[in-house]
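Below: one structure, written as structure tokens.
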Amino acid sequence: MFVLELCKKLDERKIPYCLVGGTAVALHGAIRGTLDIDLVTTLNERSFIGIESLLGEMGLEARLPVRAREVFQFREEYITRRNLIAWSFVDPTHPARQVDVIITEDLRSLSPVSMKIHGTKVRVASIEGLIQMKGKSNRPQDIEDIKALKGLLKK
């Protein structure tokens with residue numbers, strides 16, 4: 001499974017991350033389908049460079065012609081002037097292998113939790129962290145995810 005392979009390699013390289021988005025919502029127990037993997041890291045150049053290098057070695061290419069240093073250096077400008085939320089990567093030989101690095105959030109604000117999936121440790125944003133993050137958006141899918149996540153908190 002691609003998500004487990006990715007998480008294992010991120011841990012091996014000691015690149016801080018946590019899963020967010022549909023994958024994280026589903027791992028917490030809500031019914032949610034998604035194709036891409038959304039992740040958040042610490043907002044520093046080293047983390048961005050590490051992720052770019054790792055994804056390149058896994059056969060993924062950035063959709064935009066920008067490098068890690070540029071994404072880090074001009075992150076605020078990309079967010080405010082270009083409405084860039086995620087730095088997206090795709091494997092051209094397997095288009096279902098997609099990773100979006102969310103550049104609007106810092107890992108430390110999402111209270112990550114560890115889970116074991118098929119024997120592999122993965123770090124996932126906490127339910128509260130996901131609700132907080134998704135609450136900043138007004139997208140219909142995020143509103144539905146918040147409802148599902150709040151339902152999980154009541155159980």
Side-chain angles (χ1 to χ4, degrees), residues 1-75 78-79 82-110 112-127 129-131 133-134 136-137 139-146 148-149 152:
M1 199 183 293
F2 178 60
V3 67
L4 299 181
E5 176 188 359
L6 175 62
C7 291
K8 188 173 181 181
K9 289 182 181 209
L10 287 163
D11 279 337
E12 287 170 359
R13 294 193 184 195
K14 297 180 177 21
I15 299 171
Y17 79 93
C18 75
L19 299 174
V20 295
T23 302
V25 172
L27 288 172
H28 278 294
I31 297 172
R32 173 72 150 79
T34 188
L35 288 178
D36 65 341
I37 298 168
D38 297 325
L39 64 88
V40 170
T41 189
T42 50
L43 296 177
N44 63 55
E45 189 173 7
R46 182 175 182 227
S47 294
F48 281 39
I49 290 170
I51 287 173
E52 178 183 51
S53 175
L54 173 61
L55 294 176
E57 289 173 21
M58 294 178 74
L60 283 81
E61 299 172 356
R63 290 182 191 245
L64 297 175
V66 293
R67 302 297 311 249
R69 282 189 172 90
E70 295 167 305
V71 174
F72 177 72
Q73 184 178 1
F74 300 109
R75 187 181 74 80
Y78 288 160
I79 293 167
R82 300 180 188 189
N83 201 30
L84 185 68
I85 295 167
W87 183 28
S88 299
F89 292 81
V90 66
D91 183 336
T93 62
H94 302 290
R97 291 171 34 125
Q98 299 177 41
V99 176
D100 287 341
V101 181
I102 308 302
I103 66 169
T104 56
E105 297 290 331
D106 189 286
L107 167 71
R108 295 167 282 212
S109 68
L110 299 175
V113 296
S114 290
M115 296 181 174
K116 275 230 171 176
I117 310 295
H118 300 294
T120 300
K121 182 181 88 171
V122 299
R123 283 191 218 111
V124 182
S126 67
I127 291 176
L130 285 167
I131 290 170
M133 182 179 162
K134 289 178 167 291
K136 295 175 186 175
S137 163
R139 294 182 329 152
Q141 184 60 63
D142 289 328
I143 292 167
E144 290 303 312
D145 287 345
I146 289 169
L149 291 164
L152 293 173

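Hydrogens, waters and symmetry mates play no part in the numbers below; they use all other heavy atoms, side chains included.
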Calculate, to the nearest 0.5 Å, the distance between atoms [atom1] and [atom2] belonging to [X] and [Y] respectively.
{"X": "S126", "Y": "I131", "atom1": "OG", "atom2": "CD1", "result": "8.5 Å"}
{"X": "R32", "Y": "D145", "atom1": "CZ", "atom2": "CG", "result": "4.0 Å"}
{"X": "M115", "Y": "C18", "atom1": "CE", "atom2": "SG", "result": "11.0 Å"}
{"X": "L54", "Y": "L60", "atom1": "CG", "atom2": "CG", "result": "9.0 Å"}
{"X": "L19", "Y": "I102", "atom1": "CG", "atom2": "CD1", "result": "11.0 Å"}
{"X": "I127", "Y": "L27", "atom1": "CD1", "atom2": "CG", "result": "11.0 Å"}

Min side-chain heavy-atom separation [X]-[Y] under 4.5 Å:
{"X": "Y78", "Y": "W87", "result": "no"}
{"X": "V122", "Y": "V3", "result": "no"}
{"X": "V20", "Y": "L130", "result": "yes"}
{"X": "L6", "Y": "L39", "result": "yes"}
{"X": "Q73", "Y": "E45", "result": "no"}

Between [X] and [Y], is there a donor-acceptor pair closer than 3.5 Å when you use the side chain of the first and the backbone of the second?
{"X": "D106", "Y": "L43", "answer": "yes"}
{"X": "T41", "Y": "P16", "answer": "yes"}
{"X": "R75", "Y": "I103", "answer": "yes"}

Taking atom CZ of R13 as the centre, report whether more than 12 heavy atoms of other residues, nucleotides or ligands fall under 6.0 Å from it.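 Counting other residues, nucleotides and ligands, CZ of R13 exceeds 12 neighbours.
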Determine whether more than 12 heavy atoms belonging to other residues, nucleotides or ligands lie under 6.0 Å from atom CZ of R63. yes
Is E105 salt-bridged to K136, going by a charged N under 4.0 Å from an acidic O?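 Counted as a salt bridge, because a side-chain N and a carboxylate O are separated by less than 4.0 Å.
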What do the steps show when you test I51 against L10 for side-chain contact (heavy atoms from CB on, under 4.5 Å), and what is the final call? CA-CA 8 Å; I51 287 173; L10 287 163; 4.1 Å; yes
Compare every heavy atom of [Y] with every heavy atom of [X], then report the nearest pair and how far apart it is.
{"X": "R123", "Y": "S114", "result": "CG-OG, 4.0 Å"}
{"X": "A30", "Y": "A148", "result": "CB-CB, 3.8 Å"}
{"X": "D38", "Y": "G21", "result": "OD2-CA, 3.5 Å"}
{"X": "G129", "Y": "L110", "result": "O-CD2, 3.5 Å"}
{"X": "M58", "Y": "F2", "result": "CE-CE1, 3.5 Å"}
{"X": "E52", "Y": "V66", "result": "OE2-O, 4.1 Å"}

Side chains of N44 and S47: is there a donor and an acceptor less than 3.5 Å apart?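 Distance-only check passes for N44 and S47.
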